[in-house]
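Quick note on labels: first sequence line is chain A, next is B, and so on, each numbered from 1.
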Amino acid sequence: MALEDEMLRQRHERLAQIRELGFEPYGHAFEYTHAVPDIWAEYGQKSAEELANRIEVRVAGRIATIRRMGKAGFLHLLQNGEKLQVYIKKDAVRESNYKLYELLDNGDIIGVTGYLFRTKTGELTVHAEEIVFLSKIMLALPEKWHGLEDIETRYRQRYLDLIANQDVRNVFVTRSKIIASLRRQLDARGFLEVETPMMQLLYGGAAARPFVTHHNTLDTDLYLRIAPELYLKRLVVGGLERVYEINRNFRNEGISTQHNPEFTMLEFYQAYTDYRGMIELSKDLLRQTAIDATGSSEVTYEGRKLNFGNFRQLTMREAVLEFWRGADKPSLADLKDPDWLLRHSQEKSPGLALADLFERYAEEHLIEPTIIYEFPAEISPLSKNNADDSDFVDRFEIYAAGMEIANAFTELNDPQEQRRRFEEQLARKAGGDEEAHVMDEDYIRALCYGMPPAGGEGIGIDRLTMILTNSKSIRDVILFPLLRPEGEIGLVEKLRSLAP
RNA sequence: GGGCCGGUAGCUCAGUCGGUAGAGCAUCGCACUUUUAAUGCGGUGGUCGCGGGUUCGAUUCCCGCCCGGCUCACCA
C-alpha cells in the first residue's frame, strides 16, 4: 500500500479514536485569550521569575513540530506566522486529555489552556492543563526544515507554501500593506474609490488582446476588461473629480516572470491637474508606500539599492542616448530626425521607432526609480498632445528594477482629437495589429459633454509588490498564479473508499 | 510558439557507463516526565512524469507527449 494511502487510513482511524475519547475531530469554535504573536509581544521579554505567578492563557494553532518523551512531550503551535511551544505532562492533565495528546499528528489544529513558564533552556512555553481538538490533518505536511521547495507544488497548493514558508506569508502580508497604504493615501487626498465593469461590451484603455466570454440571457459576447480607464474617465465627466479603482485587469497574452493573465492595477484620475501634477503625486505615493510596506523608502532588489525617495527623470530620448550601446552613438538631434529613427528600427513610423529603441536600449537598465517622459503620440491614443510638439504627448512612465510600474498622462479631453486617434487605431487594426484600440463611440459621446482637464495614472500593483518584497517572479506575489491543469489528483476516490 | 534545464518515497535529495533503486526527515512499533533538527533501537513505504521504440532486459539509451522553471518573442 502506498504511504499516502496508509497514512490516510491511519488518520481516518484516529478520527474514531478521537471521538471515543469524547472529543470532536472537527471543532466549532475556540476562544483564545491571545493569538500566538500577542503572546510573544506581551510575554516574550518576561523572565522565569516574572512568569511565576501563573499567567493563564488559551492559545490555538496548527501543530508544527511534536517531540514526545515517554510520559511528557513538547509541541510547537503555529499561528499567524509565529510559533509557540507547549509542554504536556501526563500528571498535569486529565487522563483522556493525555490520551488525546498521544493521538496528535503533526499538522493537527488544537487549542490549549495552560500557564506560561520558561523551560530549562529558557524558551517561553505554555504548560498545558487542557487540550481541545479543533481540526484533523489527513495528509502529510511538508518536511520540517527543508520545507516545501517544489515551485509547482508551491503555486498549486499555496496553502502548503504558506504553512511551510513564513517568508512567503510575509510577501503577502506586505502586498496587503502596499494596497492599504495606497488606499489610505488616496482617500486622504479626497479620492473616491469606485468599481467599474470587469465585463465589458467593448474593451479599451490599453493595447492588448482580451478574453472573451458570453452572457447567456442577453446572448451577447462580453470582454473581460483590459483596463478600467475609459469608465473611470466617464466618471470624471460626471463630476467625480477624484476617483480610483484597485482591481483586476485581464490580458490574453503571454505569461512570464513579469506577466500574469490577470493582474492588479491601481488607476486614479484627478480633475484640473495634468501629468506634472501626476508626477508629484506619484513620487509621494510611491515613497510613502515603500515606507509603509518595508519601513524605508530605500529597498534592496536583487542586491541593488532602489530609493523611492529619489526619482531620476529623463525624457524617452535622453534615456535612449544614455543607454545606447555601440559605436554609432546618436545625438539628440538624430533622435528628433524621423529619417534617422526609421533607419534604426523595423517600425513604420518615427514615434514607434523611438519607442522601439527605448525598449531595446534603455528599459532593462532603468533600475533606480526613474520617470520617463515625452512619449510619441502614436503609442498614446488616450493622452493629450504636447502644446509645443503635437507628435508628442504629455505622458510619463515610471520604471524601477528594469520594469514599467506606472503609466500616466494628461488625459485627452478633446472629443474631435479622440475620434481622430481612435480612427488611427482602427486603421492599424485593419493593418493586422491585434492590440490596436477599438472605437468606443459612447466614450466619445461622454467627452462631447465636456471632461475637465485631468491627469490619470495606472500603477501595477503586482510589479510594485515584486520590487518591495524582492521577488523575482510575478507568480511569487500572486497567491494563485495561472497554471496549466494539473491532471488526476485521485484523492476523492481514496476518501470515498474510507467513508462509512 | 522557439531554445535550454528539470520531474526518482509524503517532503528534501542521491543514484543506476542498461541488470527493475537509496539517504535524511516524515510515518509505524518499542524505550524515555524540561525537549529544541530531541535521542536510541527496529520496521513500513517507489507503476523512477506518461506513452511508444531499441534490447535477452529500460528508471537509465532513442522518439513523442504532459507538467514546471529559466530565457527569447509578445506584453504591463
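Rounded to whole Å, the C1' atom of B:rC50 lies 11 Å from the corresponding atom of B:rG7. Comparing B:rA23 with B:rG40, their P atoms are spaced 16 Å from each other, to the whole Å. As rounded to the nearest Å, B:rG42 and B:rU35 have P atoms that lie 25 Å from one another. Of the C1' atoms belonging to B:rG2 and B:rG18, the separation is 33 Å, rounded to the nearest Å. Between B:rG53 and B:rU60, the distance separating the two P atoms is 14 Å to the nearest Å. A distance of about 15 Å separates the C1' atoms of B:rG45 and B:rG24, rounded to the whole Å. As rounded to the nearest Å, B:rG10 and B:rG46 have P atoms that lie 8 Å from one another. Between B:rG43 and B:rC48, the two P atoms lie 25 Å apart (nearest whole Å).
Applying the side chain to side chain donor-acceptor pair (under 3.5 Å) definition to pairs two or more places apart or across chains, those involving residues 474-484 of chain A are A:Tyr155-A:Asp476. The stretch residues 458-469 of chain A participates, sequence neighbours left out, in these salt bridge (charged side-chain N to carboxylate O under 4.0 Å, His left out) pairs: A:Arg175-A:Asp462. Every pair passing salt bridge (charged side-chain N to carboxylate O under 4.0 Å, His left out) that includes a residue from residues 365-375 of chain A is listed here, sequence neighbours excluded: A:Arg317-A:Glu374. For residues 351-366 of chain A, the pairs satisfying salt bridge (charged side-chain N to carboxylate O under 4.0 Å, His left out) are A:Asp356-A:Arg360, with sequence neighbours left out. The stretch residues 252-268 of chain A participates, sequence neighbours left out, in these salt bridge (charged side-chain N to carboxylate O under 4.0 Å, His left out) pairs: A:Arg248-A:Glu262. Within the structure, every pair that satisfies the ring pair (Phe, Tyr, Trp, His ring centres under 6.0 Å) test and touches residues 51-76 of chain A, not counting sequence neighbours, is listed here: A:Phe74-A:Tyr87.
Under the 30°/60° scheme for interplanar angles, the aromatic rings of A:Phe308 and A:Phe311 are found to stand perpendicular.
Of the two residues contacting RNA chain B, namely A:Asp150 and A:Ile474, the nearest-nucleotide position lying further toward the 5' end is that of A:Asp150. Comparing A:Glu253 and A:Asp105, the nucleotide of RNA chain B nearest to each residue sits closer to the 5' end for A:Asp105.
The side chain of A:Glu149 has B:rU12 as its nearest neighbour among B:rU27, B:rG69, B:rU12. The side chain of A:Thr257 has B:rC70 as its nearest neighbour among B:rC70, B:rA76, B:rU12. With B:rA76, B:rC74, B:rG69 as the candidates, the nucleotide lying closest to the side chain of A:Ile151 is B:rG69. Distance from the side chain of A:Lys144 is smallest for B:rC25 among the nucleotides B:rA76, B:rC11, B:rC25. The listed nucleotides are B:rU27, B:rU35, B:rC11; the one nearest the side chain of A:Pro142 is B:rC11.
Note: CG (A:Leu77) to C1' (B:rU35) measures 15 Å, nearest angstrom. One can place CZ of A:Arg360 at 10 Å from P of B:rA73, the figure rounded to the nearest angstrom. B:rA26 atom C1' lies 11 Å from atom CD1 of A:Ile137, rounded to whole Å. As a whole-Å value, the separation of A:Leu148 CG from B:rG68 C1' is 13 Å. One atom, CG of A:Asp161, and another, C1' of B:rU12, lie 15 Å apart when rounded to the nearest Å. Rounded to whole angstrom, the span from the CG atom of A:Leu75 across to the C1' atom of B:rA38 amounts to 14 Å. Distance CD1 (A:Ile63) to C1' (B:rU27): 15 Å, rounded to an integer number of Å. The separation between A:Asn106 atom CG and B:rC11 atom C1' is 12 Å, rounded to whole Å.
Taking 3.5 Å as the limit, the base of B:rU27 and the side chain of A:Gln10 contain no donor-acceptor pair of atoms between them.
Using a 4.0 Å heavy-atom cutoff across all strands shown, A:Ala207 reaches sugar-phosphate atoms only and no base atom. A:Arg14 comes within contact range of the sugar-phosphate backbone alone, with a heavy-atom separation under 4.0 Å but no base atom that close. Among the protein residues, A:Asn260 comes within range of the nucleic acid bases, having at least one heavy atom under 4.0 Å from a base atom. If you check every strand for non-hydrogen atoms under 4.0 Å, A:Gly147 touches sugar and phosphate atoms only. Among the atoms of the strands shown, base atoms are found under 4.0 Å from some heavy atom of A:Gln85. Counting non-hydrogen atoms under 4.0 angstrom, A:Arg463 reaches a base of the nucleic acid.
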Atom pairs under 3.5 Å, N or O on each side, protein against nucleotides 65-67 of chain B: can you list them with distances?
residue, atom, partner, partner atom, Å
B:rC67, O3', A:Arg156, NH2, 3.0
B:rC67, O2', A:Glu152, OE1, 3.0
B:rC67, O2', A:Glu152, OE2, 2.2
B:rC67, O2', A:Arg156, NH2, 3.4

Using the 3.5 Å cut-off, write out each protein N or O paired with an N or O of nucleotides 32-34 of chain B and the distance between them.
residue, atom, partner, partner atom, Å
B:rC32, N3, A:Gly70, N, 3.2
B:rC32, N4, A:Gly70, N, 3.3
B:rU33, OP2, A:Lys71, N, 3.2
B:rU33, N3, A:Asp91, OD2, 3.1
B:rU33, O4, A:Asp91, OD2, 2.9
B:rU34, O2', A:Lys120, NZ, 3.3
B:rU34, O2, A:Lys120, N, 2.8

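Distances shorter than 4.0 Å separate some side-chain N or O of A:Arg67 from OP1 or OP2 on B:rA38.
Listed by chain and residue number, A:Thr469, A:Ser471, A:Val477 satisfy the side-chain contact (heavy atoms from CB on, under 4.5 Å) test with A:Val171 (two or more places apart in sequence, or in another chain). For A:Asp284, the salt bridge (charged side-chain N to carboxylate O under 4.0 Å, His left out) criterion is met by A:Arg189, A:Arg287, not counting sequence neighbours. Taking the salt bridge (charged side-chain N to carboxylate O under 4.0 Å, His left out) definition, one finds that A:Arg183 meets it with A:Glu193, sequence neighbours left out.
In RNA chain B, runs of at least 3 consecutive Watson-Crick or G-U pairs, each pair with both distances below 3.5 Å, span B:1-7 with B:66-72, B:10-13 with B:22-25, B:27-31 with B:39-43, B:49-53 with B:61-65.
With ring centers used as reference points, A:Tyr244 lies 6.0 Å or more from A:Phe268.
Once rounded to the nearest 0.5 Å, the distance linking OH of A:Tyr231 with CE of A:Met198 reads 13.0 Å. To the nearest 0.5 angstrom, A:Met278 atom CE is 13.0 Å from A:Asp394 atom CG.
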### Task
Go through the steps for A:Gln17 and A:Glu13 under the test side-chain hydrogen bond (donor to acceptor under 3.5 Å, both in side chains), then give the verdict.
CA-CA 7 Å; A:Gln17 294 173 305; A:Glu13 281 169 15; over 6 Å; no
